[in-house]
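Inspection log for the structure reproduced underneath, given as structure tokens.
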Amino acid sequence: MKKIFLFSAIIGLSFSCAKKVGEENKAPKQEESKPARVVGGDSDAHGCKASAGYTWSALKNECVRLFEVGTKLAHAEDGKTYSTVAYVIFDGNKAELFLDTQKEPILLERKAEGDSWTKDDYQLIPWKGYVLKKNGKIIYTGE
């Protein structure tokens, strides 16, 4: 009786293993091929990876993280229900201004230390931190 039971168990296991191996050998179904999305594969023309927080600084001539090297300017209180920020990077008598409303940064210059940085209708004034004006209207402030 023990021999018959043992023989039955061996035969049953053999068939179950053969079925499992047979299923593995079947050709996998063809799935739609989707282009692989590479994380961090979003380099710009200068090689800066926006997904990692980098953007190109013409003033520094390198990829920078604005929140690490820039000075943060908050949107001036004007009754709007949203808030935005701008960043400024300083280098001597030059300042590079990054606004959310501009695709390209704005390079500002000043004549001497203590003066304000200007370009066209933008003026960055060093007063109780910094004040950014456009056409004489305060649009951003920061420390």
Side-chain angles (χ1 to χ4, degrees), residues 2 5-143:
K2 289 181 183 178
F5 179 73
L6 183 62
F7 183 70
S8 300
I10 291 174
I11 299 240
L13 288 173
S14 297
F15 282 120
S16 66
C17 289
K19 183 177 179 183
K20 182 76 172 169
V21 170
E23 288 176 1
E24 290 176 0
N25 289 338
K26 287 183 183 177
K29 295 179 183 176
Q30 280 286 31
E31 293 183 18
E32 277 186 41
S33 62
K34 297 179 183 176
R37 181 177 171 127
V38 179
V39 177
D42 60 337
S43 297
D44 65 7
H46 301 284
C48 303
K49 295 187 183 289
S51 63
Y54 289 95
T55 189
W56 179 254
S57 169
L59 188 62
K60 298 285 187 184
N61 201 29
E62 65 182 355
C63 297
V64 296
R65 288 177 143 177
L66 293 174
F67 52 89
E68 290 179 348
V69 299
T71 300
K72 182 179 175 181
L73 303 176
H75 199 273
E77 298 294 327
D78 58 1
K80 293 186 177 164
T81 57
Y82 60 88
S83 65
T84 58
V85 296
Y87 286 94
V88 182
I89 297 175
F90 297 99
D91 190 13
N93 286 334
K94 293 184 179 183
E96 188 171 17
L97 179 62
F98 295 85
L99 299 174
D100 63 338
T101 57
Q102 302 288 324
K103 287 188 176 191
E104 296 295 321
I106 302 165
L107 288 173
L108 307 170
E109 291 189 42
R110 68 179 177 179
K111 295 189 185 339
E113 192 169 333
D115 288 347
S116 58
W117 293 267
T118 59
K119 178 167 185 182
D120 300 331
D121 51 353
Y122 289 98
Q123 182 181 21
L124 182 62
I125 305 164
W127 180 73
K128 293 185 179 180
Y130 297 98
V131 175
L132 179 64
K133 290 183 175 184
K134 182 177 182 184
N135 295 324
K137 181 183 176 194
I138 297 173
I139 56 174
Y140 287 93
T141 59
E143 297 190 26

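What's counted below: heavy atoms across the whole structure, side chains too, no hydrogens, waters or symmetry copies. None of the values given here were measured: they were computed from a predicted structure.
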Heavy atoms only: give me the nearest Ser43-Lys49 pair and the separation to one decimal. OG-NZ, 3.3 Å

Heavy-atom pair with the smallest gap, counting every atom of Glu143 and Thr71: O-CG2, 3.4 Å

Euclidean distance, Lys94 NZ relative to Ile89 CD1, rounded to 0.5 Å: 14.0 Å

One should read off an interatomic distance between Trp117 CH2 and Glu109 CD, to the nearest 0.5 angstrom, of 12.0 Å

Would you say Tyr140 and Leu99 make side-chain contact, with heavy atoms under 4.5 Å? yes

Main-chain N/O of Pro105 paired to Glu96 side chain as donor or acceptor, under 3.5 Å: no

At what distance, to the nearest 0.5 angstrom, does CG of Asp120 lie from CG of Asn135? 10.0 Å

Contact summary for Tyr122 and Ile139, nearest pair of heavy atoms: CE2-CD1, 4.2 Å

Grab the two heavy atoms, one from Thr55 and one from Cys48, that are nearest each other, plus how far apart they are. C-SG, 3.9 Å

Nearest-0.5 Å distance, CG of residue Asn61 to NE2 of residue His46: 9.0 Å

How close do Pro126 and Ser116 get, counting heavy atoms only, and between which atoms? CD-CA, 4.0 Å

d(Leu97 CG, Tyr130 OH) to nearest 0.5 Å is 12.5 Å

Between CD1 of Ile106 and OG1 of Thr118, what distance do you get to the nearest 0.5 Å? 12.0 Å

Do you know which two heavy atoms are closest between Leu124 and Phe90, and how far apart they sit? CD2-CE2, 3.8 Å

